[in-house]
Amino acid sequence: MGGVKNNHENGSDQEVNFFERVYKVAKCIPYGRITSYGAIAKYLGAAKSARMVGWAMNASSKEEDVPAHRVVNRKGLLTGKHHFDGTNLMQQLLESEGIEVIDNQIQNFEKLFWDPMIEL
DNA sequence: ACTTTGACTAAGT
DNA sequence: AACTTAGCCAAAG
């Protein structure tokens, strides 16, 4: 029985997939903090699937509690800002949380970095 | 069912 | 130091 079903896309069931896990971790990101795709992927046991995390973020557009703006690449660069409604919406949100962003680059990235493997 | 892509990352040139 | 290639894996076309 198992809640896990590997049937061909059920579609009807809730999003019990990679995505939901990513959302869950992303929601755990504290205010004024940020993390990287690889860190989340690694926490999920799929360190090599960092891209999937980003892909999941793309789907998170329909999710309201997923602060995708707090997720950046390992360099602290706002690579996904183009996926937001506004051109610099992502940066605006981060600055709104007290994060300093210059030229799409988060300042004190290491200092503000939030590692789910350590924090969780 | 196959091909292409993509909000990554690490390694190579 | 900057650009290119390669590895990765799941979803969309």
Side-chain angles (χ1 to χ4, degrees):
Chain A
M1 6 167 260
V4 172
K5 33 236 28 218
N6 274 359
N7 284 339
H8 322 195
E9 14 203 304
N10 32 66
S12 298
D13 207 282
Q14 305 152 17
E15 289 110 30
V16 278
N17 294 328
F18 221 82
F19 293 31
E20 189 179 283
R21 289 189 183 182
V22 176
Y23 302 150
K24 188 174 182 181
V25 178
K27 290 175 186 177
C28 289
I29 302 174
Y31 182 92
R33 291 289 209 114
I34 38 102
T35 189
S36 67
Y37 305 96
I40 296 175
K42 189 176 181 182
Y43 177 75
L44 297 177
K48 299 172 180 177
S49 303
R51 283 176 160 150
M52 293 345 4
V53 177
W55 200 253
M57 285 287 125
N58 190 16
S60 75
S61 299
K62 54 186 173 185
E63 297 289 330
E64 297 179 3
D65 299 319
V66 180
H69 62 273
R70 290 182 186 152
V71 183
V72 296
N73 72 349
R74 84 169 192 88
K75 299 175 189 172
L77 199 67
L78 281 57
T79 52
K81 77 170 201 173
H82 286 279
H83 291 261
F84 284 79
D85 293 334
T87 310
N88 49 348
L89 175 61
M90 188 175 184
Q91 181 172 333
Q92 295 290 315
L93 290 169
L94 290 171
E95 290 181 331
S96 160
E97 298 189 359
I99 298 175
E100 190 174 13
V101 180
I102 301 176
D103 191 24
N104 299 333
Q105 170 64 52
I106 294 179
Q107 306 304 302
N108 298 325
F109 172 64
E110 280 186 34
K111 189 174 180 180
L112 296 171
F113 189 80
W114 177 82
D115 191 337
M117 301 203 74
I118 297 174
E119 303 296 335
L120 299 182

**Q** With distance as the sole test, does A/Ser36 use its side chain to make a donor-acceptor pair with the main-chain N or O of A/Ala39 at under 3.5 Å?
**A** yes
**Q** Of all the choices, B/dA7, C/dC8, B/dT9, which nucleotide is nearest to the side chain of A/Lys48 once you look at every atom?
**A** C/dC8
**Q** Just the rounded figure in Å: distance from C1' of B/dA7 to NE2 of A/His82.
**A** 10 Å
**Q** In this structure, how many angstroms lie between the P atom of B/dA7 and the CZ atom of A/Phe84, rounded?
**A** 12 Å
**Q** Output the rounded distance in Å from CD1 (A/Ile40) to P (C/dC8).
**A** 22 Å
**Q** Quick one: which of B/dA7, C/dA11, B/dT9 gets closest to the side chain of A/His83?
**A** B/dA7
**Q** How long is the line joining CH2 of A/Trp55 and P of C/dG13, in whole Å?
**A** 8 Å
**Q** Tell me what A/Ala56 touches on the nucleic acid: a base, only sugar-phosphate, or nothing, going by heavy atoms under 4.0 Å.
**A** nothing
**Q** Separation of A/Lys75 atom NZ from B/dA11 atom P, in whole Å?
**A** 13 Å
**Q** Among B/dT9, C/dC9, C/dA11, which nucleotide sits nearest the side chain of A/Asn73?
**A** B/dT9
**Q** Round to a whole Å and report the spacing from NZ of A/Lys42 to P of C/dC9.
**A** 16 Å
**Q** For A/Asp115 and A/Met117, indicate whether the former's side chain and the latter's backbone hold a donor-acceptor pair under 3.5 Å.
**A** yes
**Q** Counting only heavy atoms not in A/Lys27 (residues, nucleotides, ligands), do more than 12 fall under 6.0 Å from its NZ?
**A** yes
**Q** So, applying side-chain hydrogen bond (donor to acceptor under 3.5 Å, both in side chains) with A/His69, which one of A/Glu97, A/Lys81, A/Gln91 is it?
**A** A/Glu97
**Q** Tell me which nucleotide among B/dT9, B/dA7, C/dC9 gets nearest to the side chain of A/Met52.
**A** C/dC9
**Q** Among C/dA11, B/dA7, B/dT9, which is the nearest nucleotide to the side chain of A/Phe19?
**A** C/dA11
**Q** Answer with base, sugar-phosphate or nothing: what part of the nucleic acid does A/Asn58 contact at a heavy-atom distance below 4.0 Å?
**A** base
**Q** Side chain of A/Ser36, heavy atoms from C-beta onward: which of C/dC9, B/dA7, B/dT9 has the nearest atom to it?
**A** B/dT9
**Q** Hey, is the main chain of A/Trp114 close enough, under 3.5 Å, to the side chain of A/Thr35 for a donor-acceptor pair?
**A** yes
**Q** Could you tell me the separation between the CD atom of A/Glu20 and the P atom of C/dA10, rounded to a whole number of Å?
**A** 17 Å
**Q** Paired with B/dA1: which nucleotide, if any, by Watson-Crick or G-U wobble criteria at under 3.5 Å for both distances?
**A** none
**Q** Measure the distance from CE on A/Met57 to C1' on C/dA12 and round it to the nearest whole Å.
**A** 18 Å
